[in-house]
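Sequence lines set the chain letters: A, B, ... in the order given, protein chains first and strands last, and positions in each chain run from 1.
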Amino acid sequence: MPEVISGTVTKASGDVTKRLPIAETRNELLQLIRAHDTTILVGETGSGKSTQLPQFLLQAGMARGGCIAVTQPRRVAAISVARRVAQEMGVKLGSEVGYNVRFDDTSCPDTRIRYLTDGMLVREALVDPDLKRYKVIILDEAHERTLSTDILFAIVKHLQVRRQKDLKVIVMSATLDAAKFADFFRAGKIVHIVGRQHPVQVLYLPEPVDSYLDAVLKAVLQIHAQQPAGDILAFLTGQEEIDTLQRLIPERAGQMSGLDGPEKLVIVPIFAALPPEQQARVFEDAPAGSRKVILATNIAETSITVPGVRYVVDPGFVKARSYSSRTGADSLQVVPISKAQARQRSGRAGREGPGVAFRLYKEETFQSLPAATVPEIQRVSLTSLMLQLKQLNVQQPQNFDFMDKPSTSAMLRALELLLALGALDSEGTLTSLGRQMVRLPIEPVFAKVLLSGAELGCSQEALTIVAAASTDPIFFTPRNKQDSAAQAWKPFFSSTGDHITKLNVFKSFLEVRKPDRRRWCAERMLNFRSLKKAVDIRAQLAQHLKQLKVPMVSCGSDTAPIQRALLSGLFINAAILLPDNTYRLQASSQTVSIHPSSVLHGRKPRCIVFDELLRTTRRYARNVTAVEPSWLPEAAPMYFHGKTGNV
DNA sequence: TCTCTCATT
């Protein structure tokens with residue numbers, strides 16, 4: 001076991017008494033990093049590990065002949081940290097310090113400290129597997145265990161073998177997964193840097209509650225009645241719960257005696273799908289004499305830091321996605337959080353001063369929670385990952401050196417799909433089609449739709465559809481406005497289904513003058529942010545197609561080529577109508593229903609293909625297009641051989 | 001016969 005070092009980078013034999021900023025540990029820290037290939041750094045909130053450490057390394061000459069990469073799981077983090085460091089160093093952003101995220105690259109050949117998203121560094125590795133330009137690679141927020149961070153773990157570990165003594169790796173983590181990281185990297189040291197976080201008192205309930213929603217309601221009102229000034233942050237699992245409490249809290253507050261009435265509580269919702277102008281409300285101070293209650297999804301755990309919060313209310317649940325390799329379905333379910341997540345939530349009460357976290361469960365329940373959230377690599381479809389590993393010359397992904405191995409069945413399912421898509425040959429080697437697919441920054445099934453679209457004479461349309469499918473939903477339905485929304489969307493409707501309906505929206509969107517687009521979307525209950533992103537993705541994909549010398553062609557008003565292109569990528573999600581109006585998947589014989597958000601909901605086409613199988617209250621097909629049953633065998637002959645029967 | 005945690009290339 002490596003030594004655990006704490007505080008001032010001296011040996012910790014128990015308690016840490018000194019609380020020093022990272023600057024005072026500078027020389028000891030540099031010495032340790034020089035002495036080891038890989039260093040694990042545990043830095044608390046406010047320790048300056050992301051901003052100051054790269055500067056120390058640069059000043060110490062450790063980037064000589066190259067540069068320092070610092071990865072972040074989120075683009076906003078990469079951008080804001082780069083800004084701060086450029087300011088601290090007194091240089092212009094994009095000179096010595098820059099960032100590189102999708103659609104936005106401020107770095108230049110002189111850049112010595114590059115902040116990137118972890119996904120961006122994975123993309124770079126696909127082009128230059130040795131990542132030659134970097135002398136130091138720092139993987140920040142490694143405890144979040146995003147899919148890309150996990151890929152990078154394996155990439156940099158192997159890189160150190162190939163680039164003997166020429167690459168330093170520093171893995172930075174906020175929690176106590178450090179021993180696991182040290183074990184995987186056979187790292188010499190774990191360094192612990194103390195941060196500047198205020199103390200947070202953690203309180204538990206003596207007895208479990210029947211309804212956590214009701215418990216949140218009571219907790220908020222009780223804090224408001226009994227605790228000194230300070231805003232309240234409550235974690236809920238989704239939009240519906242937020243809507244419910246946004247309505248109930250003022251109602252109940254109004255009924256309570258001893259309170260000054262509902263005007264003293266300001267309720268502010270925050271979740272990712274909320275339009276940006278409404279999201280901005282969490283950053284505004286509540287009016288004098290009132291208290292702000294923020295009702296948040298887990299967006300407020302890491303992505304958004306709300307100022308002024310002194311009280312956290314944590315019911316202990318989260319809506320989490322998981323993927324079944326057996327059925328190929330994603331499911332979205334409310335599950336208990338992990339201990340690490342509970343600590344992260346509580347920490348949100350101590351950003352500006354001492355705080356209190358109210359955990360709405362028993363202390364024993366906390367002890368029984370899993371230590372950490374299951375890493376993303378074990379919760380998602382691995383099609384893209386397997387394709388990327390093949391590009392990185394990993395012949396047997398099943399035996400790859402993962403920190404946490406995905407299940408063999410999930411890997412095999414992904415490899416089988418790549419075979420059926422034609423990205424791999426029967427030997428498991430990348431085909432020329434597979435090499436084209438890996439260049440495109442989209443899911444492999446959509447890469448196939450795009451490349452088939454070109455052959456079928458509809459690459460223009462396929463580009464738009466694939467770009468739109470790679471963003472958040474374009475149709476935004478506010479509660480109780482379903483009827484007027486349906487009315488507003490009528491002009492775009494296509495009886496073929498959601499893909500071509502969105503294509504129609506996109507075409508109309510582009511015809512609107514740029515300054516008018518936001519308003520145009522608001523009037524039609526369309527998500528401006530998603531459409532704008534689709535425009536960016538489309539442009540980026542068009543660049544890639546140009547480099548791949550794929551022709552740009554349009555099929556005009558004929559939709560059949562588009563439907564066939566969709567089927568050529570999405571054939572594992574082809575389903576036939578049954579007498580009870582559900583659908584049977586051809587690949588697995590499961591039954592599914594068309595999701596209520598689909599324009600085909602209630603319309604009963606004979607045969608459908610769709611993007612995604614999602615299990616919530618039942619199994620739903622999302623983003624659906626109608627196809628001719630007779631097209632199935634030719635779309636994927638190998639796949640449907642013997643399976644289609646009398647279709 | 002009624003729904004959408006959060007990120008990313």
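Each of A/Thr464, A/Asn623, A/Thr471 was checked for a side chain to side chain donor-acceptor pair (under 3.5 Å) with A/Lys502, and the lone residue meeting it is A/Asn623.
The shortest distance between the side-chain N/O atoms of A/Thr302 and the OP1/OP2 oxygens of B/dC6 is not below 4.0 Å. An OP1 or OP2 oxygen of B/dC6 is reached within less than 4.0 angstrom by a side-chain nitrogen or oxygen of A/Thr297. Side-chain nitrogen and oxygen atoms of A/Thr117 include at least one within less than 4.0 Å of the OP1 or OP2 phosphate oxygen of B/dT9.
The nucleotide whose nearest atom lies closest to any side-chain atom of A/His601 is, among B/dT3, B/dT8, B/dT1, B/dT1. Nearest nucleotide to the A/Gln239 side chain, out of B/dT8, B/dT5, B/dT3: B/dT5. Taking only side-chain atoms of A/Met120, from C-beta outward, the nucleotide of B/dT3, B/dC6, B/dT9 with the closest atom is B/dT9. Listed candidates were B/dC6, B/dT5, B/dT8. Nearest to the side chain of A/Arg74 is B/dT8. The A/Arg618 side chain lies nearest to B/dC2 when the options are B/dT9, B/dC2, B/dT5. In the set B/dC4, B/dT5, B/dA7, B/dC4 carries the atom at the smallest distance from any side-chain atom of A/Leu614. Of the candidates B/dC2, B/dT9, B/dT5, the closest approach to any side-chain atom of A/Pro441 belongs to B/dT9. Picking from B/dA7, B/dT8, B/dT5 the nucleotide with the shortest atom distance to the side chain of A/Glu376 gives B/dA7.
In terms of position on DNA chain B, the residue among A/Val318 and A/Asn100 whose nearest nucleotide sits closer to the 5' end is A/Val318. Along DNA chain B, the nucleotide nearest A/Ser593 and the nucleotide nearest A/Pro73 are compared for position; the residue whose nucleotide lies closer to the 5' end is A/Ser593.
The residue A/Arg75 sits close only to the backbone: its heavy atoms come under 4.0 Å of sugar-phosphate atoms, none of a base. Counting non-hydrogen atoms under 4.0 angstrom, A/Ala320 reaches nothing in the nucleic acid. At the heavy-atom level, A/Ser303 lies under 4.0 Å from the strands shown only through sugar-phosphate atoms. Looking at heavy-atom distances under 4.0 Å, A/Ile299 makes contact with sugar-phosphate atoms alone, never a base.
Scored by the salt bridge (Lys or Arg N to Asp or Glu O under 4.0 Å) test, A/Asp330 finds A/Arg321 as partners (sequence neighbours excluded).
Separation of the A/Phe153 and A/Phe181 ring centroids falls under the 6.0 Å cut-off.
Figure legend: A/Arg359 and A/Phe366 shown as a cation-pi pair, the cationic atom lying under 6.0 angstrom from the six-membered ring centre and within 45 degrees of its axis. Under the 6.0 Å distance and 45° angle rule, A/Arg379 does not count as a cation-pi partner of A/Tyr323.
A salt bridge is defined here as a Lys NZ or Arg NE, NH1 or NH2 lying under 4.0 Å from an Asp or Glu carboxylate O, and A/Glu144 with A/Arg74 meets this definition.
Protein atom CZ of A/Arg529 is 10 Å distant from nucleotide atom P of B/dC6, rounded to whole Å. The distance between atom CG of A/Leu274 and atom P of B/dC6, rounded to the nearest whole Å, is 10 Å.
With a glycosidic angle more than 90° from 0, B/dC6 adopts the anti conformation.
One cannot find a donor-acceptor pair under 3.5 Å joining the base of B/dT8 and the side-chain atoms of A/Arg102.
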